[in-house]
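Accompanying notes for the structure given below.
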Amino acid sequence: MIASNPFAILSESLSLDPGVMQAYVILMVLLVIGGTLLDVVHKKSAKYFFEKGQSLKKIAKREVGGGEKIGIAMSTVANEVLTSSEFKNQDRRISHLFTMYGFVFFVITTAVMIFGLPVAEGEGSGLAPLLWHLGALSICIGGYWFWFKIRVDVRSEGNEWHNVHQSDIFIVSLLLMATFALIWSFLQAVGGATSVLSIIAFVVFIVAATTLFSTILWSKFAHMFFKPAAAFQKKVAVADGSRDKLPEIPDLSSAECKERYPDIPEYMGANPPNMGLGIKREAPANY
């Protein structure tokens, strides 16, 4: 199952022209591009980033050079993009990494397998199908971990698992796509590509995928493009001294800070950087 190209089997069993599947993939790519551009226009994201950047330049204490900006960009890619270091909650970070890398592998291998059709018997590689199945499984691990453990925290937030909103279009359609991709592949291997259950699973898989890539304007899909841009701009603001118009946080344990704010020990203790557990000292029990 995991070494077989389900799209090749589908094409052979149902005499489905590979060109149809390839056209579908191209259409999904166009929907992502179009949806993202519409999202930028609708939410005025580009205008917001430009105007914010211009306003911060006016209060910058120094100019950040091109080489330094390249370094900041590389740091943003390495931390915020590749390792999601901005997540301080380890569960959230691990869940996000499983989902993100699973999605990347799933999408790329889907394109590789479909645009590699038709495949002559015995010439197909088992690597792409393997990564496709592992990618879908990774999406399920990260996505369901997020949905049932992180998003749904009945005890502290009162969120039920079935409480779905418009903002959940992305994660719900993503999970349905990955889940039914695995179910379709399994049913195809067990009962053949022409079995009723296999065809139903394939239809749900396509509907979920189409929903995921066509609802960018109403979902959080475009967020994956804006988040790195926001992180980059924030780092540049720290480097040039504008600091997003926020005050600079001093070293609370320094002699200069203690002299300027002599009452710190009264409300933050004698050792401010190590104030203790605070809100973490007791488990949430709001509900």
Side-chain angles (χ1 to χ4, degrees), residues 1-39 99-143 169-222 224-225:
M1 165 186 161
I2 62 174
S4 301
N5 182 343
F7 300 102
I9 297 173
L10 179 71
S11 178
E12 294 171 4
S13 302
L14 298 180
S15 299
L16 182 62
D17 187 351
V20 174
M21 290 186 278
Q22 292 165 5
Y24 173 81
V25 172
I26 294 173
L27 176 60
M28 293 303 104
V29 172
L30 293 176
L31 285 175
V32 170
I33 295 173
T36 302
L37 292 176
L38 284 174
D39 188 85
T99 307
M100 179 184 72
Y101 281 108
F103 179 75
V104 170
F105 279 110
F106 184 82
V107 169
I108 292 176
T109 52
T110 296
V112 168
M113 290 190 294
I114 289 179
F115 281 92
L117 298 177
V119 179
E121 187 175 353
E123 292 185 4
S125 170
L127 180 59
L130 175 62
L131 293 177
W132 185 81
H133 286 90
L134 290 178
L137 181 62
S138 181
I139 292 173
C140 290
I141 292 173
I169 291 177
F170 174 75
I171 185 63
V172 171
S173 56
L174 178 65
L175 281 175
L176 285 175
M177 179 186 72
T179 301
F180 278 90
L182 293 174
I183 293 174
W184 167 54
S185 179
F186 172 76
L187 293 175
Q188 188 184 73
V190 172
T194 57
S195 68
V196 175
L197 291 178
S198 175
I199 292 175
I200 291 175
F202 175 71
V203 169
V204 176
F205 162 57
I206 291 299
V207 169
T210 305
T211 302
L212 174 66
F213 296 116
S214 65
T215 58
I216 292 178
L217 187 59
W218 303 278
S219 75
K220 292 184 177 180
F221 195 111
M224 68 176 68
F225 303 115

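- To the nearest 0.5 Å, atoms CD (Gln22) and CG (Leu27) are separated by 13.5 Å.
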Problem - Check against side-chain contact (heavy atoms from CB on, under 4.5 Å), Phe180 and Val203 - result: CA-CA 9 Å; Phe180 278 90; Val203 169; over 6 Å; no
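- Ring centers of Phe106 and Trp132: under 6.0 Å apart, within the cut-off.
- Note that the CZ atom of Phe213 and the CD1 atom of Ile33 stand 12.0 Å from one another [nearest 0.5 Å].
- You'll find the side chain of Phe7 reaches within 4.5 Å of the side chain of Thr110, heavy atoms only.
- Minimum interatomic distance between Leu175 and Gly143 (heavy atoms only, all atoms of both residues): CD2-CA, 3.6 Å.
- Under a cut-off of 6.0 angstrom, the local environment of CZ in Phe103 is crowded, with over 12 non-hydrogen atoms contributed by other residues, nucleotides or ligands.
- Minimum interatomic distance between Thr99 and Gly142 (heavy atoms only, all atoms of both residues): OG1-C, 3.1 Å.
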Practice task
Under the side-chain contact (heavy atoms from CB on, under 4.5 Å) rule, what do Val32 and Ile216 come out as? Steps first, then yes or no, please.
Solution key: CA-CA 7 Å; Val32 170; Ile216 292 178; 4.0 Å; yes
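- Taking both residues in full, the closest heavy atoms of Ala128 and Met113 are given as CB-CG, 3.8 Å, listed atom of the first, atom of the second, then distance.
- Gln188 contributes atom CD, which lies 6.5 Å from atom CG of Leu10 (distance to the nearest 0.5 angstrom).
- Here Phe202 pairs with Trp184 under the ring-ring contact (aromatic ring centres under 6.0 Å, His included) rule; sequence neighbours left out.
- Considering all non-hydrogen atoms of both residues, Ile169 and Ser173 come closest at O-OG, 2.6 Å.
- Separation of atoms CE (Met177) and CD1 (Ile139) is listed at 4.5 Å; rounding is to 0.5 Å.
- Listed by first and then second residue, the side chain to side chain donor-acceptor pair (under 3.5 Å) pairs involving residues 203-218 are Tyr24-Thr210 (not counting sequence neighbours).
- Using a distance-only test at 3.5 Å, with no hydrogens or angles considered, no donor-acceptor pair links the side chain of Ser198 to the main chain of Ser195.
- Within the model, atoms NE2 of His133 and OG of Ser4 stand 7.5 Å from one another, a figure rounded to the nearest 0.5 Å.
- From Leu131, atom CG reaches atom CZ of Phe105 across 6.0 Å, with rounding to the nearest 0.5 Å.
- Between Ser11 and Leu16, the shortest heavy-atom contact is OG-O, 2.7 Å.
- Residues meeting the side chain to side chain contact (heavy atoms under 4.5 Å, CB included) test with Leu134, sequence neighbours left out: Leu130.
- Minimum heavy-atom separation, Met28 to Ala209: SD-O, 4.3 Å.
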Practice task
Step by step, work out the side-chain contact (heavy atoms from CB on, under 4.5 Å) result for Phe115 and Ile26.
Solution key: CA-CA 10 Å; Phe115 281 92; Ile26 294 173; 3.9 Å; yes
